[in-house]
Amino acid sequence: MNTRTPFQNYQTNLKKAAKILNLNDKEIHALVTPDKIIEKKIKVKTASGEKEFLAYRVQFNNARGPYKGGIRFHPEADLDEVKALAAAMAIKCAVVNIPLGGAKGGVQFNPKDFSEKEIEEVSRAWAHAMVEDIGKDKDIPAPDMYTTPQIMAYIMDEFEKNTGRSEPGVITGKPITLGGSLGRTPATGQGGVYVLEKLLETANIAKNPLKVAIQGFGNTGYHIARILHALGYSIVAVSDSKGGIYNVNGFDPEKIFATKVEQGSVESAAEEVDSSLKIITNEELLECECDVLIPAALDGAIHKSNAEKIKAQIILEIANGPTTPEADEILFKRGITVVPDVLANAGGVTVSYFEWVQNGMNFYWTEKEVLEKLKPIMQGAFTEVWARAKKHSISLRDAAFLIGVERILEAMRARGRI
Ligand code: NAD
């Protein structure tokens with residue numbers, strides 16, 4: 001299991017890059033110190049009386065552009081995790097070379113325990129607490145775990161009510177009717193697919209039918225399953241927080257998803273859709289027979305105790321921080337290709353950037369235009385990371401960090417901050 005915190009994991013990855021780039025202490029300090037940490041108590045009226053939650057925003061670095069990053073509603077969202085995610089956002093935006101910085105936010109609570117109305121109250125309370133700190137040219141939040149376009153709409157509305165002006169660019173991942181971008185919902189999965197296809201082409205790996213196992217069947221997990229299935233990949237396993245399903249011959253993820261929405265879990269969907277599906281645990285899913293493993297749920301899923309048992313040859317990190325540094329070393333030695341989160345899941349923030357650009361122009365692109373713009377950014381970033389990894393004989397994660405760190409420091413130097 002992972003005994004280190006997510007932010008310690010970020011620091012480990014950063015130190016590896018710092019060594020290769022020969023960074024000095026001042027430069028390292030700049031990359032491990034957030035610009036601003038906002039931690040506030042928010043009070044919300046619920047059916048069982050007034051409740052207090054912790055609300056966070058960590059603004060890590062804005063040298064390359066306004067702070068950018070999602071908001072997570074999760075009982076385990078704490079400051080250390082939010083800090084690690086904010087730092088990773090700064091690296092990620094730099095890896096795909098979009099003009100944005102890094103931030104992340106969260107509320108420590110379990111939305112599954114609350115009604116839609118209560119979730120709205122929490123969302124509005126978060127916006128109210130952060131109104132001075134967010135804005136289209138300042139800090140632009142977006143969805144993350146257990147936050148949705150509807151929640152983005154509540155936050156935008158509360159922000160606009162408080163500021164008295166219309167500012168759709170304050171948040172991305174909004175419903176289309178409020179200035180959301182076509183293609184934003186599947187963007188993270190679609191971006192991951194573009195990267196995977198470029199990897200297969202570059203490494204000369206025969207494409208079909210590769211067996212794919214996906215941990216997490218929410219927004220990102222579902223869309224990547226759907227897109228890969230349509231492209232002819234064989235989806236052999238998916239899971240949610242309650243457990244997973246496996247069939248070595250593959251299955252149609254669309255049918256499972258439709259039934260999961262009705263029944264509440266992947267397991268119960270399996271019983272209804274296809275009795276040949278085997279019920280497995282989340283641990284078994286990570287170790288199952290497959291070619292491509294896609295963690296698309298929580299951080300720390302792949303750690304030193306299970307890294308030896310993973311059978312996939314490719315790990316595409318759609319979740320943020322799913323592999324610990326110890327597991328990374330084991331996987332690298334075993335010759336398993338890990339496409340790091342800061343590259344693999346950057347499709348989400350890239351289309352969020354497109355949404356912000358469209359809000360600024362007040363002119364909107366078709367989904368086709370959005371995807372046509374996304375593909376070269378994702379595949380171009382992959383090619384740069386791959387070339388850098390080959391040059392130094394390092395992992396794709398280390399190579400991505402080198403590129404991200406270099407670009408952030410270049411902007412900080414140009415501003416005279418370091
Ligand atoms: P989501 O809330 O839509 O789905 C999360 C899924 O993970 C659900 O199926 C849930 O049941 C499952 N899950 C939760 N706990 C689990 C556990 N202990 N074991 C197995 N499964 C578990 O969230 P999402 O938007 O799909 O995000 C998933 C991951 O992708 C997160 O790490 C997030 O930071 C990352 N990510 C999301 C986006 C985006 O655009 N949504 C972009 C980049 C990265």
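Each ligand, and each atom within it, is numbered from 1 in the order the structure gives.
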#### Entry: Qualifying residues under side-chain contact (heavy atoms from CB on, under 4.5 Å), relative to Lys161, sequence neighbours excluded
Arg124, Asp157, Glu158
#### Entry: Salt bridge flag under 4.0 Å for residues Arg388 and Glu406
yes
### Presence of salt bridge, Lys174 and Glu355, under 4.0 angstrom
yes
### Query
Using a 4.0 angstrom limit on heavy atoms, which residues are close to ligand 1?
Arg72, Asp144, Met145, Tyr146, Arg184, Thr188, Gln215, Gly216, Phe217, Gly218, Asn219, Thr220, Asp240, Ser241, Asn282, Ala296, Ala297, Leu298, Ile318, Ala319, Asn320, Asn345
### Query
Is any NZ, NE, NH1 or NH2 atom of the basic residue among Lys51 and Glu118 found under 4.0 Å from an Asp or Glu carboxylate oxygen of the other?
no
### Message
Whether Glu267 and Lys260 form a salt bridge (side-chain N of Lys/Arg under 4.0 Å from carboxylate O of Asp/Glu) is what I want to check.
### Response
no
### Message
Strictly below 4.0 Å, N to O, side chains only: are Arg407 and Glu410 in salt-bridge contact?
### Response
no
